[in-house]
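Just so we're on the same page: letters track the sequence lines, and every chain starts at 1.
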Amino acid sequence: MKVALFVTCLVDMFRTNVGKATVELLEHLGCEVEFPESQVCCGQPAYNSGYVEEAKKAAKNMIRAFEKTEYVVTPSGSCATMFLEYAHIFKDDPEWKDRAKELAEKTYELTQFIVEVLKITDVGAKLEGKATYHTSCHMKRLLGVKDAPFTLLSHVEGLQVEPLPNAQNCCGFGGTFSVKMSPISKQMVDEKVNSVMETGADYLIGADCGCLMNIGGRMERLGKKVKVMHIAEVLNSR
Amino acid sequence: MAMKINDKKFNDRVNQGIHDSVMRRAVSSAQERLYTRRLSAAEELGNWEQWRDLGEQIRQHTLENLDYYLMQLSENVSRRGGHVFFAKTKEEAVQYIKEVVERKQAKKIVKSKSMVTEEINMNQTLESLGCEVIESDLGEYILQIDDHEPPSHIVAPALHKNKSQIRDIFKEKLGYEQSDDPYEMTKFVRGILREKFMEAEIGVTGCNFAVANTGSICLVTNEGNADLVMSIPKTQIAVMGMERIVPTMEELDVLVSLLCRSAVGQKLTSYITVAGPIVEGEGDGPEEFHLVVVDNGRSEILGSQFRQVLQCIRCAACINVCPVYRHIGGHSYGSIYPGPIGAVLTPLLDGYDDFKDLPYASSLCAACTDACPVKIPLHELLIKHRQVIVEKEGRAPLVEKLAMKMFEMGASSAALYRLGSKLAPTATSPFTSGERFSKGIGPLKNWMEIREFPAPSKERFRDWFKKHKKKG
């Protein structure tokens with residue numbers, strides 16, 4: 001199966017290993033991965049800040065970049081949600097409406113793709129230790145992907161997954177919110193760090209690099225020894 | 001009190017909220033309690049999502065035909081002998097109420113809980129006429145005797161206080177000498193309020209829903225105070241936001257179920273009363289009944305892209321799940337309407353001058369949208385506000401505008417992005433050490449006050465991918 005990878009700008013520039021793990025994992029599961037070179041950012045930071053015109057330009061670039069692909073897979077629930085949002089953004093634009101809708105319909109978050117399209121629940125991964133999983137808001141509430149990460153993690157050999165207390169709470173990332181409203185964001189991320197520490201986990205796993213950079217960056221500053229891993233890296237451990 | 005509850009700047013209010021540990025404990029324990037209760041009340045109903053769909057449909061249908069239903073309501077109230085007044089502005093609403101009070105030469109007024117009377121600043125105006133206006137909802141009463149402290153929540157106005165603080169207020173203001181046991185304190189206030197009910201000449205209520213085809217209003221409480229307000233005084237004035245209307249009892253049934261379960265996690269609250277002008281043969285009820293329908297900017301919202309906010313049934317479910325609200329408390333919003341609903345509604349009713357920060361007081365986690373029983377896309381409406389602030393109001397900071405311009409250039413041109421991202425590790429090298437930034441620059445400054453930020457990878461993913469493919 002041919003899969004076009006939407007790697008996200010955070011992964012491209014800062015969390016390269018997540019991109020590598022995603023490619024290796026998909027290849028391991030029998031997919032042929034391609035990477036449309038002209039992809040940049042999905043435009044979410046601009047869109048969520050109210051800069052819709054700027055976001056539209058980014059969106060058009062992405063629609064063009066992925067136009068000739070069958071499946072689009074991304075290691076981010078939040079960025080996948082933004083692709084879905086394109087259909088809404090261009091709903092009154094006759095030129096882009098259908099193209100946006102087409103992209104939205106073929107876009108999948110990584111774990112969602114593995115479980116729903118590839119119909120695989122055990123990817124044959126192995127990782128020793130105790131982990132907890134951070135449910136990211138956009139992936140759960142807007143994309144509606146709730147169970148896929150847990151299903152896949154439950155089959156990772158050697159991994160014990162502890163439920164994260166108050167998992168429904170946002171970690172306080174929120175894109176520009178984390179810098180624009182930093183005093184509030186701090187309270188939120190501290191609450192999340194406390195929940196993570198309560199589990200006694202060795203690993204904090206998530207499916208969105210934004211949240212992981214937020215919680216991980218705070219834990220690092222506080223000297224907490226929890227290792228932060230993207231779910232692609234966990235599923236690619238063997 | 002009107003919309004605005006204090007003059008402090010947003011950041012100062014937030015700072016104060018964050019450092020108020022008593023408030024934060026009170027809010028977070030209330031949120032926790034209400035969250036669990038709401039979920040179990042929703043689950044109990046079985047098909048909660050279908051109920052939400054139904055709630056949304058009813059509210060949207062009503063808003064689409066609001067003129068028709070308001071006319072029907074008005075005719076039916078009049079037919080039953082009541083008076084209806086449509087107030088375009090808050091001033092008109094208060095003026096009408098003032099005239100009724102003056103005509104009745106009333107000095108003693110008792111109220112049940114009503115956000116719209118806060119919105120139009122009714123109490124202060126009536127007090128300036130020399131009237132005693134008593135809030136009979138326990139939470140509102142606590143705030144009223146505590147030097148008119150503003151509400152911090154739309155359903156539980158004194159949510160930010162704990163019981164020992166309340167005991168202290170009762171002690172200082174009312175000479176209360178017993179314990180902080182809620183039962184004892186409530187019993188004490190009940191004694192005081194009973195007298196107030198008996199002597200009141202006018203009762204003022206809000207209106208959870210007005211029923212168009214019967215000309216009645218529905219009040220939902222747990223204390224039963226609204227029932228006394230609308231049955232003892234000879235004159236009743238009900239004040240409603242223009243949109244708080246249902247076509248018939250059938251829709252009322254659905255919305256009351258959604259309201260009670262979402263607000264307090266109960267199947268039904270202890271008292272749900274549907275009444276209006278007294279009908280011949282009824283034993284009690286007001287001899288004179290006035291319904292004040294308040295527009296105060298709602299017509300404008302109805303015709304705008306924010307229309308869905310008028311679906312709101314004031315259950316506060318969005319407030320009860322909001323993490324921002326939990327940490328900063330209701331007063332930080334600076335408006336009588338706090339939380340996600342307040343952040344959407346307040347700038348619409350009272351402008352951006354005092355409230356332009358509110359749409360940004362959200363991480364867009366969408367917990368609010370998820371909790372809303374009538375499916376208002378609250379987080380989307382917050383983004384729309386941000387869009388208005390940027391495009392129409394031109395109030396976005398210059399630095400942000402420049403940053404977004406640069407973003408637009410980089411994100412829409414792959415070539416430019418490729419160059420920028422290629423140069424990033426070198427360009428940022430003076431500020432990085434090893435795998436992380438060592439110094440916050442630009443927008444990273446705030447980030448790095450509390451967290452680390454990773455340095456750009458030496459090799460971008462896209463460069464690795466090319467090599468990976470070549471390897472085959």
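Neither the backbone nor the side chain of B:Ala403 comes within contact range of chain A; no heavy atoms are under 4.5 Å apart. Proximity to chain A (any heavy atom under 4.5 Å) is restricted, for B:Ile18, to the side chain, taken from C-beta onward. Both the backbone and the side chain of A:Met13 come within contact range of chain B, with heavy atoms under 4.5 Å apart. Residue contact with chain B, scored on non-hydrogen atoms closer than 4.5 Å, involves the backbone and the side chain of A:Ile184 alike. Both the backbone and the side chain of A:Arg15 have a heavy atom closer than 4.5 Å to some heavy atom of chain B. Interface remark: B:Lys422 contributes no atoms to any contact with chain A (heavy atom separation under 4.5 Å). With a 4.5 angstrom heavy-atom cutoff, B:Ile328 touches chain A only via side-chain atoms. Within the 4.5 angstrom heavy-atom criterion, only side-chain atoms of B:Val14, from C-beta onward, approach chain A. Contacts between A:Val52 and chain B at a heavy-atom distance below 4.5 Å involve backbone atoms as well as side-chain atoms. With a 4.5 Å cut-off on non-hydrogen atoms, A:Val33 touches chain B through its backbone and its side chain both. With a threshold of 4.5 angstrom between heavy atoms, A:Glu37 approaches chain B through its backbone and through its side chain. Within the 4.5 angstrom heavy-atom criterion, no atom of A:Asn166 approaches chain B. With a threshold of 4.5 angstrom between heavy atoms, B:Phe453 approaches chain A through side-chain atoms but not through N, CA, C or O. Heavy atoms of A:Val179 lying under 4.5 Å from chain B belong to its backbone as well as its side chain. Both the backbone and the side chain of B:Glu459 come within less than 4.5 Å of a heavy atom in chain A. Proximity to chain B is limited to the side chain of A:Glu24, based on heavy atoms less than 4.5 angstrom apart. Using a 4.5 Å cut-off between heavy atoms, B:Glu400 contacts chain A through both its backbone and its side chain. Contacts between B:Trp447 and chain A at a heavy-atom distance below 4.5 Å involve backbone atoms as well as side-chain atoms. With a 4.5 angstrom heavy-atom cutoff, A:Cys9 touches chain B via backbone and side-chain atoms both. B:His468 touches chain A through its side chain: at least one heavy atom from C-beta onward sits under 4.5 Å away, while N, CA, C and O do not. At a 4.5 Å heavy-atom cutoff, the contact between B:Ser362 and chain A is made by backbone atoms alone.
B:Met404 and A:Ser49 get closest at one heavy-atom pair: CE-OG, 3.5 Å. Minimum heavy-atom separation, A:Thr16 to B:Ser457: OG1-OG, 2.6 Å. Listed here is the closest heavy atom pair of A:Val11 and B:Phe461: O-CB, 4.2 Å.
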Using the side-chain hydrogen bond (donor to acceptor under 3.5 Å, both in side chains) rule, take B:Arg462 and A:Gln39 through it: C-alpha gap first, then chi angles, then the decisive distance, then the call. CA-CA 10 Å; B:Arg462 57 183 71 220; A:Gln39 62 179 286; 5.6 Å; no

For the pair B:Trp464 and A:Val23, evaluate side-chain contact (heavy atoms from CB on, under 4.5 Å) and give the outcome as yes or no after the intermediate values. CA-CA 11 Å; B:Trp464 172 85; A:Val23 173; 4.0 Å; yes

Apply salt bridge (charged side-chain N to carboxylate O under 4.0 Å, His left out) to A:Lys186 and B:Glu449, showing your working. CA-CA 10 Å; A:Lys186 174 176 183 274; B:Glu449 263 173 30; over 6 Å; no

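In summary, the side chains of B:Arg451 and A:Asn214 do present a donor paired with an acceptor at a separation below 3.5 Å, with no hydrogens or angles considered.
Ring orientation note: the planes of A:Phe35 and B:Phe465 are tilted relative to one another, at an angle of 30° to 60°.
Ionic pairing of A:Arg218 and B:Glu452 is not present here: no N-O contact between side-chain nitrogen and carboxylate oxygen is shorter than 4.0 angstrom. Using a cut-off of 4.0 Å between Lys/Arg side-chain N and Asp/Glu carboxylate O, A:Asp12 and B:Arg460 are scored as not salt-bridged. A salt bridge is absent between A:Glu34 and B:Lys469; no separation between the charged side-chain nitrogens and carboxylate oxygens falls under 4.0 Å. The residues A:Glu191 and B:Arg326 are annotated as salt-bridged, a charged nitrogen and a carboxylate oxygen being separated by less than 4.0 angstrom.
With chain B as partner, the option from A:Arg141, A:Lys57, A:Met188 having the largest number of non-hydrogen pairs under 4.5 angstrom is A:Arg141. Of the listed residues (A:Glu27, A:Lys56, A:Glu85), the one with the most heavy-atom contacts under 4.5 Å to chain B is A:Glu27. For chain B, the option among A:Leu5, A:Ile215, A:Asn48 with the highest count of heavy-atom pairs below 4.5 Å is A:Asn48. Most heavy-atom pairs under 4.5 Å with chain B, from the set A:Ala58, A:Cys42, A:Gly175: that is A:Ala58. Ranked by non-hydrogen atom pairs under 4.5 Å with chain A, the options B:Lys384, B:Arg436, B:Lys405, B:Lys445 are led by B:Arg436. Of the residues considered (A:Phe14, A:Tyr47, A:Tyr51, A:Phe177), A:Tyr51 shows the highest number of contacts with chain B, using heavy-atom pairs under 4.5 Å. When each of B:Ser421, B:Pro454, B:Ala455, B:Ser332 is scored by its heavy-atom pairs under 4.5 Å with chain A, the top score falls to B:Pro454. Interface remark: of the candidates B:Val321, B:Asp370, B:Asp463, B:Asp370 forms the most heavy-atom pairs closer than 4.5 Å to chain A. Contact count versus chain A (heavy atoms, under 4.5 Å) is highest, among B:Glu380, B:Lys401, B:Lys458, B:Glu435, for B:Lys401. In terms of heavy-atom pairs under 4.5 Å with chain A, the best-connected choice from B:Pro425, B:Ala367, B:Pro323 is B:Ala367. Comparing A:Met213, A:His138, A:Glu53 by heavy-atom pairs within less than 4.5 Å of chain B, the highest count is held by A:Met213.
The local environment of CD in B:Glu49 is crowded, with over 12 non-hydrogen atoms from other residues, nucleotides or ligands closer than 6.0 Å.
With rounding to the nearest 0.5 Å, the separation of CG in A:Leu222 from CD1 in B:Ile450 is 8.5 Å. How far CG of B:Asp357 is from NZ of A:Lys180: 8.5 Å, rounded to the nearest 0.5 Å.
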